[in-house]
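Presented below is the structure to which this report refers.
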Amino acid sequence: MKFSKKLISWYLQNKRTMPWRETKNPYHIWLSEIILQQTRVAQGLPYYLSFIDTFPTVFDLANANEDDVLKLWQGLGYYSRARNLHITAKYVANELQGVFPSNYKDLLALKGVGDYTASAIASICYDEPVPVVDGNVYRVLSRFFGIKTPINTTAGVREFKELAIELMDHDEPANYNQAIMEFGALQCKPKSPYCIVCPLNDSCEGLKNGWIDTLPVKLKKQKIKKRYFNYLVYSINGKQTILQQRKGNGIWKGLYEFPLIEVEENDRDSIMSNAFFQKMINGHEYKITQYREEPIVHKLSHQHLYTRFYIVNVNKLPALTKEQKIIDFAETHTYPVPILLGNFIEEFFKV
DNA sequence: AACGCGGGGGT
DNA sequence: ACCCCAGCGTT
């Protein structure tokens with residue numbers, strides 16, 4: 001039997017039930033695909049349900065405030081996905097009368113939709129025979145065909161894409177694409193795949209040569225940067241605090257946070273002598289206490305954030321920058337914040 | 001072509 | 001610790 005037909009056969013018997021597999025509504029499929037980028041099904045599923053519930057149509061999403069979209073996205077990470085989601089919703093609602101593009105090429109033009117996502121939507125919604133090449137597909141193909149080309153190089157991306165095009169099932173694009181991904185997720189998984197009971201184990205080059213544990217080949221690991229964050233949690237007359245929105249292009253763009261002092265070395269002197277800190281407290285009576293002695297270490301894929309919170313008690317309003325807003329304690333939890341701050345707010349303000 | 005971007009789960 | 005996850009946009 002053909003490679004693709006074996007996978008589809010496996011898929012029809014082993015696929016998990018998921019809400020986005022019950023529909024071909026492009027709005028729902030698009031939403032699920034954006035949410036699932038670099039995200040496990042178990043983590044993304046509750047977000048998918050709450051987005052569908054809160055924004056039943058692309059018009060509802062388009063008419064929302066960006067802050068509300070980010071708030072619903074809070075905790076899912078890679079927040080540019082949420083901002084691009086909102087941009088694309090407005091584009092589809094306002095420029096395309098709510099009708100999504102119906103082919104790979106036009107889908108690719110949407111913000112936040114790359115090669116993978118355009119292929120996924122085009123194949124699932126419109127039966128266009130364009131192959132998806134995600135992390136699962138790299139693993140399945142590299143093992144089955146014994147391909148050692150690193151997957152995160154230009155040559156690797158091109159080689160696997162060309163192979164995927166050859167293998168594409170033109171009779172059932174939707175089933176085939178979901179089959180190879182589901183197969184990679186459940187059967188040909190990264191560690192301890194079920195080769196003994198695999199329907200492809202009689203012709204798998206990786207298994208035959210003992211390469212299962214070394215495929216796919218991926219070049220270098222990014223090294224982790226350490227950063228030292230010091231948040232000033234203002235308590236103004238014990239009722240209000242200050243939040244500011246992150247600008248620029250770094251992490252958490254668009255999310256809110258307390259006034260932040262980032263230092264190179266995490267010693268108390270460098271924080272207290274920091275120019276920004278002096279400016280914030282200059283001319284005001286204040287009492288400052290450190291929330292916890294030990295920093296909270298927030299681990300991201302690419303950096304570790306050693307974070308301290310300082311409670312700054314004041315009786316007068318400090319001078320605010322343009323980005324800063326006075327917020328009632330009870331309202332702090334309505335702003336989209338990184339999960340690191342969300343946890344703190346929940347604990348400290350008891351909201 | 002290389003890099004930055006979250007948070008969670010598995011081993 | 002380290003890897004991976006239905007990747008994408010920017011530089």
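Within every chain, numbering begins at 1; the chains are lettered A, B, ... in the order of the sequence lines, protein sequences first and strands thereafter. Computed from heavy atoms alone, side chains included, the values below leave out hydrogens, waters and symmetry copies.
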Which residue pairs pass the side chain to side chain donor-acceptor pair (under 3.5 Å) test with at least one member in residues 206-217 of chain A, sequence neighbours excluded?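 Sorted pair list: E205(A)-K208(A), E205(A)-N209(A).
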By the side chain to side chain donor-acceptor pair (under 3.5 Å) test, which pairs, at least two apart or in different chains, include something from residues 87-102 of chain A?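 Every pair satisfying side chain to side chain donor-acceptor pair (under 3.5 Å) with a residue in residues 87-102 of chain A: there are none.
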Kindly write out the residues that satisfy salt bridge (charged side-chain N to carboxylate O under 4.0 Å, His left out) with [X], not counting sequence neighbours, or none if the list is empty.
{"X": "K253(A)", "result": "none"}
{"X": "D171(A)", "result": "K5(A)"}
{"X": "E159(A)", "result": "none"}
{"X": "R227(A)", "result": "E262(A)"}

Would you mind telling me which of F55(A), F100(A), F51(A) makes a ring pair (Phe, Tyr, Trp, His ring centres under 6.0 Å) with W30(A)? F100(A)
For DNA chain B, determine which residues of residues 122-129 of chain A have any heavy atom closer than 4.0 angstrom to one of its atoms, and list them numerically. none
Could you run down the sub-3.5 Å N/O contacts of the protein with nucleotides 9-11 of chain B?
none

Can you run through DNA chain B from 5' to 3' and write each base as (, ), [, ], | or . depending on how it pairs? Watson-Crick or G-U wobble, both distances under 3.5 Å. |||||.|||||
Under the 3.5 angstrom rule, does the side chain of R143(A) hit a backbone N or O of L215(A) as a donor-acceptor pair?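 Yes, because the side chain of R143(A) sits within donor-acceptor range (under 3.5 Å) of the backbone of L215(A).
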I'd like to know if S301(A) reaches the base of dG4(B) with its side chain such that a donor and an acceptor end up less than 3.5 angstrom apart. no
Apply side-chain hydrogen bond (donor to acceptor under 3.5 Å, both in side chains) to Q240(A) and list each qualifying residue two or more places apart in sequence or on a separate chain.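 Applying side-chain hydrogen bond (donor to acceptor under 3.5 Å, both in side chains) to Q240(A) gives D328(A).
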Looking at residues 43-57 of chain A, who's got a heavy atom less than 4.0 Å off DNA chain C?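 Those residues: none at all.
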Residues from residues 70-95 of chain A lying under 4.0 Å of DNA chain C - heavy atoms: N84(A)
Side-chain heavy-atom pair M181(A), D134(A) within 4.5 angstrom cut-off: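 A side-chain contact under 4.5 Å exists here.
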Given the P atoms of dG8(B) and dC8(C), what is the spacing between them in whole Å?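 Per the computed distance, 22 Å lies between those P atoms.
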If each of M181(A) and N249(A) is mapped to the nucleotide of DNA chain C with the nearest heavy atom, which maps nearer the 5' terminus, i.e. the 5' end?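 Final value for this comparison: M181(A).
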